[in-house]
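See below for the structure under consideration.
Just the heavy atoms: all of them, side chains too, but no hydrogens, waters or symmetry mates, feed the values below. Letters go in sequence order (proteins before strands), and every chain restarts at 1. Only a predicted model underlies this, so the values are computations on that prediction, with no experimental measurement involved.
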Protein chains: 2
Amino acid sequence: MRYPKDHGRQTRRRIVENASYGLRQNGADGLSVVDLMKLADLTHGSFYAYFKSRDALVVEALALAMDRTVAHWLDLMQGLPAEKGFDAVVEAYLSPRHRNNPARGCALPALAADIGRSGPEARRTFAGRLEKMIDIIAGLIPKRSPSDARHAAAGAIATMVGSIVLARAAGDKRLSDALLEAGRQAVRDQTGSATAEASPAD
Amino acid sequence: MRYPKDHGRQTRRRIVENASYGLRQNGADGLSVVDLMKLADLTHGSFYAYFKSRDALVVEALALAMDRTVAHWLDLMQGLPAEKGFDAVVEAYLSPRHRNNPARGCALPALAADIGRSGPEARRTFAGRLEKMIDIIAGLIPKRSPSDARHAAAGAIATMVGSIVLARAAGDKRLSDALLEAGRQAVRDQTGSATAEASPAD
DNA sequence: TGTTATATATGATGATGATCATCTAATATG
DNA sequence: CATATTAGATGATCATCATCATATATAACA
């Protein structure tokens, strides 16, 4: 059937967007092509009209998820001075809400381990966006040379990612909560920032 | 055939041990039962004579891997004063060698994300051993109440895990190396320890 | 030495996987 | 209004999966 002008483009976007949720939830290998298409209310057959392979969709979904996190960070820090912005991002990242919502959360804890086992395309996509994320956090860290700030930003991101990964894996709620709190404290210790209170979400 | 007394037990151990390597390399869902048995030079059929399910083997392999890391840490710190022992563990953990050898490395960066999506049994096994790992690191951190030390230890472990996960995923070698260095610096900043040089391996 | 117990192999089953070829229906364009 | 075009559906292919039933070979034991 001949459909409205860019019906195809919109549908494609819907597939990528829903995949980016589903894959964060279930892992890069956690959903079949049938599952992925079902998320967009489609049957499996047309999949290869949109993507050259399942892997290609995974890469696009990863890129979208990471771009969304970047946008979310920029939104969280908007209008705040650097230090407050940094605290806002950290508090949101290391919140129970973020831990409990992998599908809508940052792709790093959800997918980085899988990307480490993936092909060069996925790794390159990942590396490029991670650099961007490091840049943004580095811009919030005061009193350092640009290079030192990037270093500190990378450390803070690693701490946040590790805390979420471990907090999600720990079956025990007390331990899981303690890991989030330990992560917050560790980031503070790294950057010498003050204690802060901030908003929810990733 | 009737085999030597505990031939079965030894074979079972071989399966679990090889699985613990293979699963760290390829992820908790990355190898089929056929693959897993092939690692122990066996065909697939006898698998269910040893394990009640594939998941049961994953849990055993996870437990073994984590126990080995605990033993390795104790070995690394043996005979050293607390602070030197801590540095030795951190330097070994955040080394290129550990990043490049997931199969023989710590199970946390290799499998924690998968465990977060697994059943309660895997999560409980994971949580129990993670507590042990936190205790060991806490014992190396000076000048704190036991509770503060555990907090700091959890933060340091989270930083190390996040750094390795990201360093493995980053396609770019420069970025990957920078992430390891950033992780080392971050752990130092968290614990106020001095710079250190130490041995390789996980 | 013959029998039995059991470690591992062979092979089957039914589900599910990714990918591809083909069909159909609806709309945009003439 | 007619027709060309194409979004999406149906269905098939062949591979691989976890699990299970059964066979075989051999060492232990009587």
Between atom [atom1] in [X] and atom [atom2] in [N], what is the gap in whole Å?
X: Arg12(A); N: dT6(D); atom1: CZ; atom2: P; result: 17 Å
X: Asp41(B); N: dT8(C); atom1: CG; atom2: P; result: 12 Å
X: Leu42(A); N: dA9(D); atom1: CG; atom2: P; result: 5 Å
X: Arg13(B); N: dA7(C); atom1: CZ; atom2: P; result: 16 Å
X: Phe51(B); N: dT8(C); atom1: CZ; atom2: P; result: 12 Å
X: Gln10(B); N: dT6(C); atom1: CD; atom2: P; result: 17 Å

Among residues 14-28 of chain A, which contact DNA chain D at a heavy-atom distance under 4.0 Å?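 None - not one residue of the stretch has a heavy atom sitting under 4.0 Å from the strand.
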Could you list the residues that satisfy ring pair (Phe, Tyr, Trp, His ring centres under 6.0 Å) with Phe47(B), not counting sequence neighbours?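 Counting only residues at least two positions away or on another chain, Phe47(B) forms a ring pair (Phe, Tyr, Trp, His ring centres under 6.0 Å) with Phe51(B).
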Going by heavy atoms in the side chains, are Thr11(A) and Tyr50(A) under 4.5 Å from each other?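 Thr11(A) reaches Tyr50(A) side chain to side chain.
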Could you list the donor-acceptor pairs under 3.5 angstrom formed between side-chain atoms of residues 33-46 of chain A and any protein atom two or more places apart in sequence or on another chain?
residue	atom	partner	partner atom	Å
Asp35(A)	OD2	Ser32(A)	N	3.1
Asp35(A)	OD2	Ser32(A)	OG	3.1

Would Arg99(B) and Asp177(B) pass as an ion pair if we require N to O under 4.0 Å?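 Salt bridge flag = yes for Asp177(B) with Arg99(B).
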Indicate for each nucleotide in nucleotides 10-20 of chain C, in 5' to 3' sequence, whether protein heavy atoms under 4.0 Å reach the base (B), only the sugar-phosphate (S), or nothing (-). BBB----SSBB
Only pairs under 3.5 Å count here: list side-chain donor-acceptor contacts from residues 150-162 of chain A, not counting sequence neighbours, and write none if there are none.
residue	atom	partner	partner atom	Å
Arg150(A)	NH1	Asp135(A)	OD1	2.3
Arg150(A)	NH2	Glu131(A)	OE1	2.6
Thr159(A)	OG1	Gly155(A)	O	2.9
Thr159(A)	OG1	Gln190(A)	NE2	2.6
Thr159(A)	OG1	Thr159(B)	OG1	2.7

Taking all non-hydrogen atoms of both residues, which atom of Leu111(A) and which atom of Arg24(A) are closest, and how far apart?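 Looks like CD1-CG, 4.2 Å.
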Test applied, side-chain contact (heavy atoms from CB on, under 4.5 Å); reference residue, Phe86(A); option that passes from Leu76(A), Leu140(A), Leu80(A):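 Checked Leu76(A), Leu140(A), Leu80(A) against Phe86(A); only one passes side-chain contact (heavy atoms from CB on, under 4.5 Å): Leu140(A).
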All pairs passing salt bridge (Lys or Arg N to Asp or Glu O under 4.0 Å) where residues 106-119 of chain A contributes a residue, at least two apart: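 Of all non-adjacent pairs touching residues 106-119 of chain A, those that pass salt bridge (Lys or Arg N to Asp or Glu O under 4.0 Å) are Asp114(A)-Arg117(A).
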